[in-house]
Number of protein chains: 2
Amino acid sequence: MTIRKDNHDLTKERILNEAEALFAQKGFGAVSVREITCAANCNLAAVNYHFRNKGNLYIEVFRVRWVPRAMRLQKHFRRSLAAQGPPSPTTVAQALAEAFLKGPLSDEERQRHFQLMTRELGQPTEAFEIVADEVMRPFFEELASMLRPAMPKGLRSEQVLLNILSIFSMVLYFNFARVAISRITGREYDAAFKNRLVKHIVEFSLKGLGGLEKEGLR
Amino acid sequence: MTIRKDNHDLTKERILNEAEALFAQKGFGAVSVREITCAANCNLAAVNYHFRNKGNLYIEVFRVRWVPRAMRLQKHFRRSLAAQGPPSPTTVAQALAEAFLKGPLSDEERQRHFQLMTRELGQPTEAFEIVADEVMRPFFEELASMLRPAMPKGLRSEQVLLNILSIFSMVLYFNFARVAISRITGREYDAAFKNRLVKHIVEFSLKGLGGLEKEGLR
DNA sequence: TTGACATTAAAACGTTCGTTTAATATAAAT
DNA sequence: ATTTATATTAAACGAACGTTTTAATGTCAA
């Protein structure tokens, strides 16, 4: 009964895509509804018809685009981690850096993803509740439980969390500050440089974590 | 001859202050000129009179507020470093983390500073040229020349730079994502927590840098 | 073919935007 | 005292904003 035609809400999908790209690129306040509908090749009123208003479109972008992508990233991380046997700081750091810097996403998609996240980290809106509750906190706890057994003796759980946050700060930074990093290092942000960054993050993180195993280095 | 009355351009100063706070808080596109002039307690036209237009006010904020503050930070770093004898990875990391997380700035000022920087890192505008050329690149080179002699044998200069960028990613992150970090860790971002973060960054960085000295730890 | 419903389209709503203009105030210079 | 340069003010400009309204489509079940 509720089965509609194939391209039932193709417009809705296009709006979500373009809205996400623009929100990531320029931030919520700097993007106009007209800009979105123009990029999505649809009528101005479509945003209000499909999403009630601009603000709700923004949080919908997180709900139906950002969170599922974050889940895909986590799944990719778990798969490539499981393929390496029981988790150690080495394998965790390796799988993390690879999933978040290379991983299953296109370069554009990854940039969008971390730009949106960085914006919410800097000035949290309603969308941050979603990011924190559905993605960050559960994943960080998962990572903590993986790393804790391999960490120096009686490490406080807060310290484990800070270590994880530090790794994430690097992942985030090397993703969202591409232009700046290219400019400062003088290197183009291409596949080769990305590999270099993964290697660096893994090494730096491993040492930072205080892991004693040396096999993953160099 | 050009000596005007006391409050000659007090308005100009107030506009710069409020503009910086608002640009940092919400981003260029999401701040209106009316918002700025209202906060600065002056007439709407004052922005265009003193700064030609909104865009020029933004880059002027960087020129006469952000860069000088960055210089103050660097000076503070150099002074507290010099007080500890010849620079080693330990003393450099310690002085860096302290200067950028506690340092000479008020908490508000520091948050503003890193929010503005993060915005430019994410989507560089004309202001990023200033940030990169006048602050980042020279300072990073200074740091590199300090760290290089103490680093493992034949470390490529690119690798030294990546290490420095990693430390900065943490400093940046722990400054601009305060709300998120408080929320995730469950700790209020107060003086005690800031000290905890400084300690963590120093330890993590030191190990990440591959420094062999242990005296600075714990 | 018809009636109901989902979607798109065009036009207009009132508001706010950045900027400009013209008038006014102030204090130093002549 | 008058001129000149600097600074502030109130008012208005057209453009763009988010949203609503109304009409025109398209698509199924009956």
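Convention: sequence-line order gives letters A, B, ...; per-chain numbering from 1. Keep in mind that this is a model prediction, so the values were computed, not measured.
For D/dT6, neither phosphate oxygen OP1 nor OP2 lies less than 4.0 angstrom from any side-chain nitrogen or oxygen of B/His50. Look at A/Thr11 and you won't find any side-chain N or O under 4.0 angstrom from OP1 or OP2 of C/dT7.
Under the side chain to side chain contact (heavy atoms under 4.5 Å, CB included) criterion, A/Glu188 pairs with A/Asp190, sequence neighbours left out. In this structure B/Arg196 satisfies the salt bridge (charged side-chain N to carboxylate O under 4.0 Å, His left out) test together with A/Glu158, sequence neighbours excluded. Taking B/Phe128 as the reference, nothing meets the ring-ring contact (aromatic ring centres under 6.0 Å, His included) condition, with sequence neighbours excluded.
Rounded to an integer number of Å, the gap from CG of B/Asn43 to P of D/dT9 is 6 Å. Protein atom CD of B/Glu13 is 15 Å distant from nucleotide atom C1' of D/dA7, rounded to whole Å. The distance from atom CG of B/Asn56 to atom P of C/dG18 is 15 Å, rounded to the nearest whole Å. When rounded to the nearest whole Å, the span between CZ of B/Phe51 and C1' of C/dG18 equals 16 Å.
Donor-acceptor pairing under 3.5 Å is recorded for the side chains of A/Arg78 and A/Gln74.
Listed by first and then second residue, the side chain to side chain donor-acceptor pair (under 3.5 Å) pairs involving residues 95-107 of chain A are A/Gln94-A/Glu98, A/Lys102-A/Asn195, A/Asp107-A/Arg110, A/Asp107-A/Arg178, A/Asp107-A/Lys194 (not counting sequence neighbours).
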Compile the donor-acceptor pairs under 3.5 Å between side chains in residues 17-28 of chain B and protein atoms, sequence neighbours left out, one pair per line.
residue: B/Asn17; atom: OD1; partner: B/Arg65; partner atom: NE; Å: 2.8
residue: B/Asn17; atom: OD1; partner: B/Arg65; partner atom: NH2; Å: 2.9
residue: B/Asn17; atom: ND2; partner: B/Glu13; partner atom: O; Å: 3.4
residue: B/Glu20; atom: OE1; partner: B/Arg69; partner atom: NH2; Å: 2.9
residue: B/Glu20; atom: OE2; partner: B/Arg69; partner atom: NH1; Å: 2.9
residue: B/Glu20; atom: OE2; partner: B/Arg69; partner atom: NH2; Å: 3.1
residue: B/Lys26; atom: NZ; partner: B/Glu35; partner atom: OE2; Å: 2.4

Using a 4.0 Å cut-off on protein heavy atoms (strictly under), produce a 5'-to-3' string for nucleotides 15-21 of chain D with B for base contact, S for backbone-only sugar-phosphate contact, and - for none. --BBBBB
